[in-house]
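Here is the structure we will look at.
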Amino acid sequence: MEPEVGLHPDQGRVRLRTLVFIRWMAICGQTAALLIAHFGLGLELPLVAAFLVVLTSGVLNIAQVATRPASSWLRNKEATMALAFDLIQISVLLSLTGGLTNPFSILILGPVTVSASILTRRSTICLSILAIVAVTADVFFYLPLPWPEGSFFLHSLYLYGLWAALVFTAIFLAVYVSSLTEEARSMGMALVASQMALAREQKLSALGGLAAAAAHELGSPLGTMLVVAKEMKEELPPDDIYLPDVELLISEIIRCREILQNLAAWPEEDGGDPYNFMPIQSLVEAAVAPYEKLDIQTVIEAKSRDDSGEGTSIEHPMVERSPEILHSLGLFAQNAIQFAKEKVDISLVWDKRTITLTIHDDGPGFDPQVLGRLGDPLLSNREHAQKAVVQKNLDRRKEEDGDHMGLGVFIATTLLSHTGGKVTYSNHEVGGAVVNIVWPRHRLEVATQPV
């Protein structure tokens, strides 16, 4: 199975330089706000305590830059701790400058927003809980802003409403925004994996053409060597000590020519040339063959379906040996054979408009709870309960395959959609999993016409 591409939760998600720059911007903004409020607006603020809080951020920035390169990547846990410090720093600064009555109290959600965009959902939830605790503390424990007497007053009901708004916003960021970010990240990882899988299939297909070219180029020099060796044999007397060596040389040259002839014929016989055309049944057989097992019966049936009612035979579709189709059908066949008890039925039916392929095994079938989410790339990053989407039976799933099958099915579904195929998943009424693929016939046949 193809390896999952992307960042593991413990791997770097954000550069240290980025967080350090954001923190310097925050320090400048906090310093300017304190100076303007105290000297410009005439508000008597506890500047010493407030600047000490701001100074802690500057000290942390200097310490981080001094101890590691600014271009290094912070791991998820390290980034979470850094944002937690920023959140606590903002909360303490707010408690010294009016709590939630401070117009800048909304900034306490800044670290949570950053986490929702770059860190894992678990980290965002932890930071959201910390933000809720900090907002709650700022409601009850804060130094009031020294507004001019009688000029401004916030009712406690407004403060509680502002507290509720901040709490619900933190929850929204933790649940909704982080879910969208995680989905976008998983989609990007899956698309990269799709490109890698397709590139691998194209390289394998190109090997056939390379073998044919090598056989053609080496054929002439080997022929010349064979002619020379035969002439040497004719010149040597029967009892010459070098005669056996010359005969061995001739036999080895002939053997090399036979090997090259087989290599030249292999692309046509095996479909290695990516520009070869073949019946759709041969393409299905080529995709399934590498995964067949002796203890599992694999039956492939192919037939035409005359939808006109005239009883005429419909020509067998001729298609290109597509790496997308080979990889996708191979994955579905491997999955079906792996979980089948005794038999896998593969039915191929075509008419004048469509080509339909159905893969049905007699195994335990798909998990009904997650059947509707098959092909979702997020399933490859979930816990074992969600990995059951493709494994069909968690107890039978091999450990080495369990991490990647959700992503593999997404890749196969995506690749087939590029060829015009529509994939549906279901459980058969008599038991077993069913994968059904339908192509518009013109999509496959038009793509294979010679240029």
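One distance of note links CG of Leu52 with CG of Leu96; it measures 9.5 Å at 0.5 Å rounding. Here the CZ atom belonging to Phe332 is positioned 5.5 Å from the CG atom belonging to Leu416, to the nearest 0.5 angstrom. Here Leu348 contributes atom CG and Glu301 contributes atom CD; the two are 10.5 Å apart, rounded to the nearest 0.5 Å. Within the model, atoms CD1 of Ile355 and CZ of Arg443 stand 12.0 Å from one another, a figure rounded to the nearest 0.5 Å. Between the CD1 atom in Ile36 and the CG atom in Leu43 there is a gap of 11.5 Å [rounded to 0.5 Å]. To the nearest 0.5 Å, atom CD of residue Gln64 and atom OG of residue Ser72 are 9.0 Å apart.
Surrounding CZ of Phe104 are at most 12 heavy atoms belonging to other residues, nucleotides or ligands under 6.0 Å away. A 6.0 Å sphere centred on CH2 of Trp163 holds no more than 12 heavy atoms belonging to other residues, nucleotides or ligands. Applying the 6.0 Å contact sphere to CD of Glu292 captures more than 12 heavy atoms from other residues, nucleotides or ligands.
At least one side-chain heavy atom of Leu166 sits less than 4.5 Å from a side-chain heavy atom of Ile106. At least one side-chain heavy atom of Leu35 sits under 4.5 Å from a side-chain heavy atom of Phe51. In this structure, Phe366 and Val435 have side chains that are in contact, with non-hydrogen atoms separated by less than 4.5 Å. A heavy-atom distance below 4.5 Å is not found between the side chains of Asp86 and Leu19. Contact of the Arg68 side chain with the Leu74 side chain is registered, since non-hydrogen atoms from C-beta on lie closer than 4.5 Å.
Listed by first and then second residue, the salt bridge (charged side-chain N to carboxylate O under 4.0 Å, His left out) pairs that reach into residues 36-56 come to none, sequence neighbours excluded.
Considering all non-hydrogen atoms of both residues, Leu87 and Ala134 come closest at CD2-CB, 3.8 Å. Across Leu107 and Ile90, no two heavy atoms sit closer than the pair O-CD1, 3.6 Å. Of all non-hydrogen atoms in Ser57 and Arg23, the two that sit nearest each other are O-CD, 3.6 Å. Taking both residues in full, the closest heavy atoms of Ile296 and Lys341 are given as CD1-O, 3.5 Å, listed atom of the first, atom of the second, then distance. Ile359 approaches Ala333 most closely through the heavy-atom pair CD1-N, 4.4 Å. Scanning all heavy atoms of the two residues, the minimum distance from Val92 to Ser95 falls at O-OG, 2.5 Å.
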- request: Kindly determine whether Leu60 and Thr56 satisfy side chain to side chain contact (heavy atoms under 4.5 Å, CB included), including the steps that lead there.
  value: CA-CA 6 Å; Leu60 178 61; Thr56 58; over 6 Å; no
- prompt: For Thr413 and Val409, what are the C-alpha separation, side-chain angles and deciding distance, and is it a side chain to side chain contact (heavy atoms under 4.5 Å, CB included)?
  reply: CA-CA 6 Å; Thr413 305; Val409 169; 4.0 Å; yes
Derivation of the side chain to side chain contact (heavy atoms under 4.5 Å, CB included) call for Val430 and His360: CA-CA 11 Å; Val430 298; His360 172 217; 4.3 Å; yes
- request: Verify side chain to side chain contact (heavy atoms under 4.5 Å, CB included) between Leu162 and Val139, making sure each step is shown before the conclusion.
  value: CA-CA 9 Å; Leu162 181 58; Val139 171; over 6 Å; no
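Gln334 and Gln338 share no side-chain donor-acceptor pair at under 3.5 Å. Checked by atom type, the side-chain pair Ser105/Tyr142 shows no donor-acceptor distance below 3.5 Å. Defined by atom type and a distance below 3.5 Å, a donor-acceptor pair is present between the side-chain atoms of Ser91 and Asp138.
In this structure a side-chain-to-backbone donor-acceptor pair under 3.5 Å is present from Thr80 to Asn76. In this structure, the side chain of Ser128 does not engage the main chain of Ile171 through any donor-acceptor pair within 3.5 Å. Panel note: side chain Asn102, backbone Leu94; no donor-acceptor pair is recorded below 3.5 Å. Judged by distance alone, with hydrogens and angles left aside, the side-chain atoms of Ser328 form no donor-acceptor pair with the main-chain N or O of Ile325 at under 3.5 Å.
Test Leu357, Thr354, Val319 against Trp439 for side chain to side chain contact (heavy atoms under 4.5 Å, CB included) and you get one pass: Leu357.
Under the rule for a ring-ring contact (aromatic ring centres under 6.0 Å, His included), the partners of Phe172 that lie at least two apart in sequence or sit in another chain are Tyr176.
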